[in-house]
Amino acid sequence: MTTSRKSGSLYTNIQNNIATIEFGHPASNSFPSDLLDRLTKELDAIAQNDSVSVIILKSEGEKAFCAGASFDELVAISNLEEGKQFFAGFANVINAMRTCGKLIIGRIQGKTVGGGVGLAAACDYVLATESASIKLSEFTIGIGPFVIEPAVKRKIGLAALSELTLDATNWQNAYWAKEKGLYARVFENIKELDKEVELFAEKLASYNPQALAAMKKVLWENTDDWESLLSERAKISGELVLSEFTKNALAKFSKK
């Protein structure tokens, strides 16, 4: 069951030192700006919760994991400040995931595009189904995956990032994502996925929370500049979205 709320939904359930964050949106679990802001704040709040040592990040339903940022908001951008603020949404979430101090397990049940790939890359360990194909389609509308690039490159390397970015119209399947390092394991169906997510989260939560927090820092070494880096990348995308090429491309997509 997926939410019908136009602003999307965000719920957190905390049990046995595990916080499960579930987001949803009727447009294939895409993210309007206010939902990205809510997720950022929720991650910041959990970072201060000493009863939580592990986070599970998941989306509603059985189809798409995340369709990226809100298309309607993208089309409506009219100036540079609006553009920068729009693309800063995923920048803020990725930085919150990076700095929260809790290990994050990504539960990816279906296709994921653009910013959704960035979310998966910012998780510390990702479990997925065979349906969890990925695509970076930003070039098709005249922009690029600039904000999420550091997170994706950190996980899969420059060569795989180039392949994913430049081949902007084609999906890469879940086994490609596993081979490149984005996914740790791939399962045949959601039932098997959820069983393993639960078992793995419980196993992690049974370990010394201080060791987990220390490992989180080690895993994210040399990323201290991301606060400013991702902000700069949001500005690049904010400028490109105002270009004539992108406005024309968005107009064509809007008519489809």
Side-chain angles (χ1 to χ4, degrees), residues 1-3 8 21-32 35-36 39 56-71 74 89-90 93-94 97 104-197 200 237 249 253 256:
M1 191 71 180
T2 56
T3 185
I21 303 175
E22 183 172 4
F23 64 88
H25 191 276
S28 300
N29 291 328
S30 58
F31 272 96
L35 188 56
L36 285 168
L39 178 55
I56 297 171
L57 182 65
K58 62 185 293 188
S59 65
E60 292 183 349
E62 297 185 353
K63 295 183 179 180
F65 168 70
C66 178
S70 167
F71 185 79
L74 183 66
F90 272 102
V93 168
I94 289 172
M97 294 173 73
I104 301 175
I105 301 169
R107 180 261 199 192
I108 316 295
Q109 83 279 16
K111 288 183 175 180
T112 186
V113 185
V117 179
L119 284 187
C123 292
D124 299 296
Y125 196 92
V126 179
L127 301 169
T129 68
E130 292 181 345
S131 301
S133 301
I134 60 173
K135 181 167 66 172
L136 293 181
S137 57
E138 285 86 345
F139 269 5
T140 64
I141 55 170
I143 57 176
F146 298 107
V147 170
I148 65 169
E149 178 272 336
V152 178
K153 183 170 69 176
R154 168 184 168 272
K155 214 61 182 286
I156 69 175
L158 180 59
L161 169 73
S162 299
E163 183 177 348
L164 197 58
T165 303
L166 302 185
D167 193 6
T169 59
N170 289 321
W171 293 94
Q172 296 291 351
N173 67 35
Y175 290 103
W176 183 93
K178 180 179 182 295
E179 177 190 340
K180 304 303 180 183
L182 182 64
Y183 301 157
R185 282 182 279 173
V186 174
F187 299 89
E188 187 174 341
N189 54 56
I190 292 176
K191 184 178 180 180
E192 290 182 9
L193 170 67
D194 284 339
K195 180 180 179 181
E196 190 57 34
V197 167
F200 187 70
S237 294
F253 274 96
K256 288 184 178 180

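Residues in residues 108-128 take part in these ring pair (Phe, Tyr, Trp, His ring centres under 6.0 Å) pairs, two or more places apart or across chains: Y125-F200. Legend: ring pair (Phe, Tyr, Trp, His ring centres under 6.0 Å) pairs involving residues 165-197, not counting sequence neighbours: none detected.
The shortest heavy-atom contact between C123 and G106 is SG-CA, 3.6 Å. In plain terms, the two heavy atoms of I94 and V147 that are nearest each other are CD1-O, 4.5 Å. Across all non-hydrogen atoms, the minimal contact from A160 to I156 is CB-O, 3.4 Å. In this structure, S133 and N173 approach most closely via the heavy-atom pair OG-CA, 3.7 Å. When all heavy atoms of P32 and S70 are compared, the pair lying nearest together is CA-CB, 3.6 Å. Residues A121 and A151 come closest through the heavy atom pair CB-O, 3.5 Å.
Listed for the D124 side chain is a donor-acceptor partner under 3.5 Å among the backbone atoms of I104. Formation of a donor-acceptor pair under 3.5 Å by the S28 side chain with backbone atoms of S30 is not found in this model.
Under the 4.5 Å side-chain criterion, counting only non-hydrogen atoms from C-beta, V93 is in contact with L119. The side-chain heavy atoms of I21 and I56, taken from C-beta on, include no pair separated by under 4.5 Å. Taking 4.5 Å as the limit, some side-chain heavy atom of I190 sits within range of a side-chain heavy atom of R107. A 4.5 Å side-chain heavy-atom check between V152 and V117 finds at least one atom pair inside the cut-off. Using a 4.5 Å cut-off on side-chain heavy atoms (C-beta onward), V126 and I105 make no contact. In this structure the side chain of K63 never reaches within 4.5 angstrom of the side chain of K111, judged on heavy atoms. Side-chain contact between N170 and K135: absent, with no pair of heavy atoms (C-beta onward) separated by less than 4.5 Å. Between T129 and I108, the closest side-chain pair of non-hydrogen atoms is not below 4.5 Å.
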Exercise for review: Start with the C-alpha distance between K180 and K155, add both sets of side-chain angles, then the distance that settles side chain to side chain contact (heavy atoms under 4.5 Å, CB included), and finish with yes or no.
Suggested key: CA-CA 8 Å; K180 304 303 180 183; K155 214 61 182 286; over 6 Å; no
**Study point:** Working for side chain to side chain contact (heavy atoms under 4.5 Å, CB included), residues V197 and K58
**Key:** CA-CA 10 Å; V197 167; K58 62 185 293 188; over 6 Å; no
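S59 meets the side chain to side chain contact (heavy atoms under 4.5 Å, CB included) test with F23, N29, F65, Q109; sequence neighbours excluded. Under the rule for a side chain to side chain contact (heavy atoms under 4.5 Å, CB included), the partners of T165 that lie at least two apart in sequence or sit in another chain are L136, F139, P145, L161. Looking at residues two or more places apart in sequence or on another chain, you find a side-chain hydrogen bond (donor to acceptor under 3.5 Å, both in side chains) between E196 and R185. T140 is linked by a side chain to side chain contact (heavy atoms under 4.5 Å, CB included) to S137, A168, T169, F253, counting only residues two or more places apart in sequence or in another chain.
Distance check: S162 OG to K153 NZ gives 9.0 Å after rounding to the nearest 0.5 Å. We find the CD-CD distance between E130 and E188 to be 5.5 Å, quoted to the nearest 0.5 Å.
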